[in-house]
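To start, the structure under review is shown below, and the notes come after it.
Numbered from 1 within each chain, the chains take letters A, B, ... in sequence-line order.
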2 protein chains.
Amino acid sequence: MLPVSDAAAPLLAHQSTLRETNLAVVLRCVSGAAEPPSRAGVAAATGLTRSTVSRLVDELVAGGLVEEGAALLAGPGRPATPLRPSGRVCALGLQVNAAHVAARLIDLGGRMLSESRSEPDLVGSEPAVALDLLADHLREVLARTPEGGRVVGAGLALPGVVDGSGERLLRAPNLGWRDLAPGTGLREQLHGIPLSLGNEANLAAHAFVQPAPGRLGRAGHFVYVSGEIGIGGAVVTDHRVQTGRHGFAGEIGHMPFRPGGDPCPCGSDGCLERYAGRLALTRRAGLPPTTTLAELDRLAEDGHAASRAAIDLAAEALGVVLAGVVNLLDVPTIVLGGEIGDLADRITPTVQARLRARVMAADWMPLEVVRDPDDVAGASGGALLHLSRVVTAPVAFLAA
Amino acid sequence: MLPVSDAAAPLLAHQSTLRETNLAVVLRCVSGAAEPPSRAGVAAATGLTRSTVSRLVDELVAGGLVEEGAALLAGPGRPATPLRPSGRVCALGLQVNAAHVAARLIDLGGRMLSESRSEPDLVGSEPAVALDLLADHLREVLARTPEGGRVVGAGLALPGVVDGSGERLLRAPNLGWRDLAPGTGLREQLHGIPLSLGNEANLAAHAFVQPAPGRLGRAGHFVYVSGEIGIGGAVVTDHRVQTGRHGFAGEIGHMPFRPGGDPCPCGSDGCLERYAGRLALTRRAGLPPTTTLAELDRLAEDGHAASRAAIDLAAEALGVVLAGVVNLLDVPTIVLGGEIGDLADRITPTVQARLRARVMAADWMPLEVVRDPDDVAGASGGALLHLSRVVTAPVAFLAA
DNA sequence: GCACAAAACTTTCGTCACAAAACTTATCTC
DNA sequence: GAGATAAGTTTTGTGACGAAAGTTTTGTGC
């Protein structure tokens with residue numbers, strides 16, 4: 001079948017567009033490679049000629065985006081000069097959710113240079129308290145910026161609905177926050193580093209599609225389920241995180257599982273979150289709402305019947321809703337991230353079974369459920385988002 | 001917010017890429033414009049210089065993709081030469097579903113040059129019979145190809161799951177067809193015109209995003225619901241029809257409305273289709289399954305209680321499922337296409353109400369339900385798909 | 001009726017980025 | 001130490017675009 005797609009209007013191309021495109025191709029090749037390639041290697045991988053690659057690499061090296069290593073002696077011929085993405089170009093990843101506050105510094109190669117984090121309980125918290133804590137972590141990480149480092153941006157992951165401009169958090173039910181601009185206080189610490197806000201699950205999914213700038217992850221079509229107190233999510237198709245018309249996409253927690261069932265604070269009823277969110281799980285298990293899902297898992301392991309029943313219902317709900325999503329979008333991979341990952345072993349079989357039974361095209365496609373082991377993946381995503389801008393449009397980031 | 005997106009690896013750019021891109025920009029501008037623009041108009045609209053536009057337009061005219069009209073006298077100054085997309089470059093759109101067989105010829109400007117169609121009942125039909133009928137329509141339309149016309153492709157819309165290669169129809173429950181290659185018989189009539197298969201709803205959605213090559217429709221983010229005997233669908237985000245990893249996306253009819261409810265032949269239960277598909281509607285209304293939705297609408301109008309109840313339940317099911325989809329994808333527009341469009345007036349208020357009540361971000365976004373009046377929009381989409389290839393990569397289609 | 005203004009093209013020339021191919025450099029092998 | 005091998009550089013040519021000056025075709029005013 002022809003790709004049914006792409007009505008997006010492309011802009012005109014100029015000679016400078018050509019150069020920018022090819023600089024991006026070369027930089028992406030360098031930053032995304034498993035092993036540092038040589039100029040000749042880049043030429044072979046991209047299809048550009050060695051002369052062109054040489055010129056472009058020289059520009060990237062002069063601009064501080066790529067570093068040359070010591071010559072590599074391997075067999076006959078002139079030894080190759082290995083090329084590495086600069087460790088001095090980096091971005092800040094920040095995250096605040098109900099159980100984590102974290103700051104990370106990630107470089108152009110996707111390597112985490114430093115991290116500072118804590119695990120407070122922020123349910124129903126005062127925004128200023130949480131943001132001050134974040135500012136502390138941020139300052140600490142920023143102080144460890146390498147000599148001559150350039151921090152190109154900061155991305156803050158939040159568990160809620162962020163408006164289209166990336167300035168305001170409209171609502172974050174788990175934190176109990178509504179309509180605020182978390183950036184105002186932080187900018188003081190940031191010394192002009194551009195800050196953008198994003199939904200936690202969307203950013204975590206971004207980190208999963210693109211674990212390093214220019215490097216593609218194992219899946220290009222998946223649903224990311226971020227289960228904490230509530231359930232967030234993100235949809236990725238064709239290696240693109242779908243944010244929707246206004247940036248609100250991903251509210252998988254409020255897809256219907258049993259319409260007419262449990263009322264949900266969102267105003268609807270029977271939402272997935274009311275069956276698979278932490279609050280729902282702990283309530284059904286007869287445990288205090290602060291019980292973590294890891295603790296719940298242990299109780300189930302120990303034979304606690306109510307916990308088992310709650311987890312089984314959550315798995316059922318997830319399986320049914322995700323099967324619907326797979327039918328709609330043909331995304332063969334489900335990624336369990338956040339706290340719900342702690343239940344992955346226990347819920348995966350049921351989810352798998354429901355997918356197999358309810359997905360129309362199940363006979364013609366693989367269906368896999370995997371876990372994202374990073375518990376603050378949103379922070380990485382926030383940083384990677386800014387770094388991927390560097391890789392996509394390098395000219396603006398070439399040092400004078 | 002920064003666009004969380006686009007990890008797709010771009011290819012290297014060459015001077016020829018430059019030319020191709022700008023030829024596409026110019027052609028898209030000409031083919032998508034409401035009024036035929038002049039060279040100067042194209043330059044103003046695209047940002048290219050007049051000299052560049054002149055050269056590119058000359059190439060497109062020489063290549064037979066653009067036609068020059070008679071000079072337009074309007075005020076002082078040299079009169080402009082109006083530019084129009086060629087009426088000789090066209091594509092075939094074909095469609096077979098349970099109630100329609102149609103063939104259309106559409107030109108580069110998106111104008112329908114001719115059509116031939118019939119309304120047989122093909123539920124549980126023999127594929128050969130339906131395809132012979134399609135071949136008749138096809139032959140008739142092709143015979144009316146304009147003098148010197150070039151048919152660049154044929155797209156066949158089918159109400160079922162098409163495999164990734166676009167060669168085989170895997171299953172079409174409403175027709176009762178399984179695993180066949182409808183192209184084999186048709187190619188004889190096609191004299192080398194490349195044929196591709198696509199899902200009916202996906203192609204109809206394509207025609208809705210891009211009613212003419214290069215012209216964007218009114219919505220870029222929407223769900224297309226194609227209600228016939230079953231319920232098909234398509235998801236469009238950022239003006240792109242999402243076909244998923246294997247091309248199976250769009251099975252909205254098999255999203256859960258009441259899991260554990262009505263068993264569905266798909267192997268699952270409680271699927272939307274079991275509440276909002278024609279078969280479900282007529283059964284609940286106590287009418288024969290061949291009753292059309294237009295007839296059902298008339299009965300409801302006349303006060304037939306069972307019909308009204310069936311339609312209300314269908315609207316409820318659609319509203320709940322679509323609200324979930326909007327929560328997941330932030331697509332503020334719902335397009336009702338196919339036969340279910342005949343019920344649009346009756347179901348829209350309920351669907352609207354459910355969306356308003358169940359969509360989390362409803363307070364921050366518009367939500368609209370519109371109808372696609374074209375009852376064989378899939379055929380147009382099939383043709384437009386091939387035509388949009390011409391507009392995207394014109395060089396391959398320049399006449400020698 | 002004729003200069004002049006206006007606007008749509010066209011032509012000429014300069015620039016930029018890439019490809020091709022010849023050339024240089026650095027290492028290994030015999 | 002000669003030759004092979006491969007990396008990287010230099011030179012030269014080409015194609016496509018922009019800038020600016022030139023040409024064509026109309027309308028307007030005296």
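E20(A) places its CD atom 17 Å from the P atom of dC16(C), with the value rounded to the nearest Å. Between the CG atom of L18(B) and the C1' atom of dA19(C) there is a distance of 15 Å, given to the nearest Å. Distance CD (Q15(B)) to P (dA19(C)): 8 Å, rounded to an integer number of Å. Put simply, NE2 on H14(A) is 15 Å from C1' on dC18(C), counting in whole angstrom units. Computed from coordinates, the R19(B) CZ to dG15(D) P distance equals 11 Å when rounded to whole Å. Taking atom CZ of residue R39(B) and atom C1' of nucleotide dT23(D), one finds them 15 Å apart after rounding to whole Å.
For the side chain to side chain contact (heavy atoms under 4.5 Å, CB included) test with H221(A), the passing option among V235(A), V209(A), V236(A), D238(A) is D238(A); the others fail.
Of the residues in residues 40-61 of chain A, those with a non-hydrogen atom less than 4.0 angstrom from any atom of DNA chain D are A40(A), R50(A), S51(A), S54(A).
Using modelled atom types, one side-chain atom of T17(B) and one backbone atom of H14(B) make a donor-acceptor pair closer than 3.5 Å. Distance alone, capped at 3.5 Å, places no donor-acceptor pair between the D107(B) side chain and the R88(B) backbone.
Under 4.0 angstrom from either OP1 or OP2 of dA8(C) there lies no side-chain N or O belonging to T81(B). Look at N22(A) and you won't find any side-chain N or O under 4.0 angstrom from OP1 or OP2 of dA17(C). Under 4.0 angstrom from either OP1 or OP2 of dC28(C) there lies no side-chain N or O belonging to R78(A).
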Walk me through it: do L190(B) and L92(B) pass the test side chain to side chain contact (heavy atoms under 4.5 Å, CB included)? CA-CA 10 Å; L190(B) 284 170; L92(B) 261 173; 3.7 Å; yes
Could you check L195(B) against L197(B) for side chain to side chain contact (heavy atoms under 4.5 Å, CB included), going step by step and ending with a plain yes or no? CA-CA 7 Å; L195(B) 173 70; L197(B) 271 48; 4.2 Å; yes
Checking R144(A) against L113(A) for the side chain to side chain contact (heavy atoms under 4.5 Å, CB included) test, could you report, in this order, the C-alpha distance in whole Å, the side-chain angles of both residues, the deciding distance, and whether it holds? CA-CA 8 Å; R144(A) 285 186 243 138; L113(A) 301 183; over 6 Å; no
Annotated structure of DNA chain C as dot-bracket, pair cut-off 3.5 Å, Watson-Crick or G-U only, | for inter-strand, is ||||||||||||||||||||||||||||||
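E68(A) has a carboxylate O that lies under 4.0 Å from a charged side-chain N of R39(A), or vice versa, which qualifies the two as a salt bridge.
Note: T49(A) OG1 to L12(B) CG = 9.5 Å, rounded to the nearest 0.5 Å.
Side-chain contact between L216(A) and H239(A) is present, with heavy atoms from C-beta onward closer than 4.5 Å.
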